[in-house]
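Here is the naming used below: chain letters follow the sequence lines, and residue numbers restart at 1 for every chain. The structure displayed is predicted, hence computed values, not measured ones.
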Amino acid sequence: QQPVQSPQAVILREGEDAVINCSSSKALYSVHWYRQKHGEAPIFLMILLKGGEQKGHDKISASFNEKKQQSSLYLTASQLSYSGTYFCGTLYSGGGADGLTFGKGTHLIIQP
Amino acid sequence: KAGVTQTPRYLIKTRGQQVTLSCSPISGHRSVSWYQQTPGQGLQFLFEYFSETQRNKGNFPGRFSGRQFSNSRSEMNVSTLELGDSALYLCASSLGRNQPQHFGDGTRLSIL
């Protein structure tokens with residue numbers, strides 16, 4: 001079952017902040033975040049393991065709330081280069097034969 | 001360090017034919033995953049191979065199959081092609097299941 005991402009799309013001005021959420025109905029082991037620009041391959045941003053940790057580099061950070069089975073990606077003081085589609089991918093607790101299950105993506109447009 | 005290489009970049013086939021796609025992972029990466037990307041469904045996991053063994057499998061029909069060779073290169077085969085198989089097929093390599101995945105540029109398959 002796919003995780004649910006929200007919002008589906010967001011338009012910001014350069015310098016504004018954005019939050020992208022990823023929710024699952026199943027117990028999560030880890031959450032992976034990727035960004036894909038049009039016509040390009042997805043690129044890795046970060047992985048969060050269960051334990052409620054928060055990670056980040058530069059002005060992009062993320063949190064993982066294990067109790068709520070939810071992760072949020074925070075983009076602070078957005079830059080034009082942040083434009084693209086953001087995907088969360090989830091691995092579920094309990095093992096099993098599932099690979100990384102991606103949400104449908106959040107389209108982020110940064111305007112000058 | 002060379003990235004993930006997928007060949008061919010574009011393919012046009014007709015219904016009923018079969019197709020084989022190739023993926024060369026980053027040197028040292030033993031895990032190779034395949035994904036189907038379409039505008040409606042997003043990124044969907046097909047299968048993952050690790051050390052020549054299929055370790056995980058997504059919810060796709062048996063027409064979709066794959067294999068991995070001793071040098072970690074992987075191939076994906078789709079038999080009896082259907083119009084709905086038109087998509088971008090992405091391959092990603094990593095050091096393991098819960099490690100960052102490095103995506104290739106994909107093979108765009110069009111079925112006429």
Checklist entry - Is it the backbone or the side chain of B:Tyr35 that comes under 4.5 Å from a heavy atom of chain A, or both, or neither? => result side chain

Next on the checklist: Given B:Asp85, which partner from the list B:Lys13, B:Gln36, B:Arg63 fulfils the side chain to side chain donor-acceptor pair (under 3.5 Å) test?
Outcome noted: B:Arg63

Next on the checklist: Within a 6.0 Å radius of atom CZ on B:Arg73, are there more than 12 heavy atoms belonging to other residues, nucleotides or ligands?
Outcome noted: yes

Checklist entry - What are the two closest non-hydrogen atoms of A:Ser78 and A:Tyr82, and how far apart are they? => result CA-CD1, 3.6 Å

Checklist entry - In terms of heavy-atom pairs under 4.5 Å, which option from B:Gln101, B:Gln99, B:Gln41 contacts chain A the most? => result B:Gln101

Checklist entry - Which residue out of B:Gly42, B:Gly106, B:Pro100, B:Gly104 racks up the most heavy-atom pairs below 4.5 Å with chain A? => result B:Pro100

Item to check | Top of A:Ser30, A:Gly105, A:Gly89 for chain B proximity - count of heavy-atom pairs under 4.5 angstrom | outcome: A:Ser30

Item to check | Heavy-atom proximity to chain A below 4.5 Å, by part of B:Gln37 | outcome: side chain

Checklist entry - Relative to chain A, which segment of B:Leu90 carries a heavy atom at a distance below 4.5 Å: side chain, backbone, both, or neither? => result side chain

Checklist entry - Does atom CG of B:Asn71 have more than 12 heavy-atom neighbours, drawn from other residues, nucleotides or ligands, at distances under 6.0 Å? => result yes

Next on the checklist: Could you check whether atom NZ of A:Lys37 has more than 12 heavy atoms from other residues, nucleotides or ligands sitting under 6.0 Å from it?
Outcome noted: yes

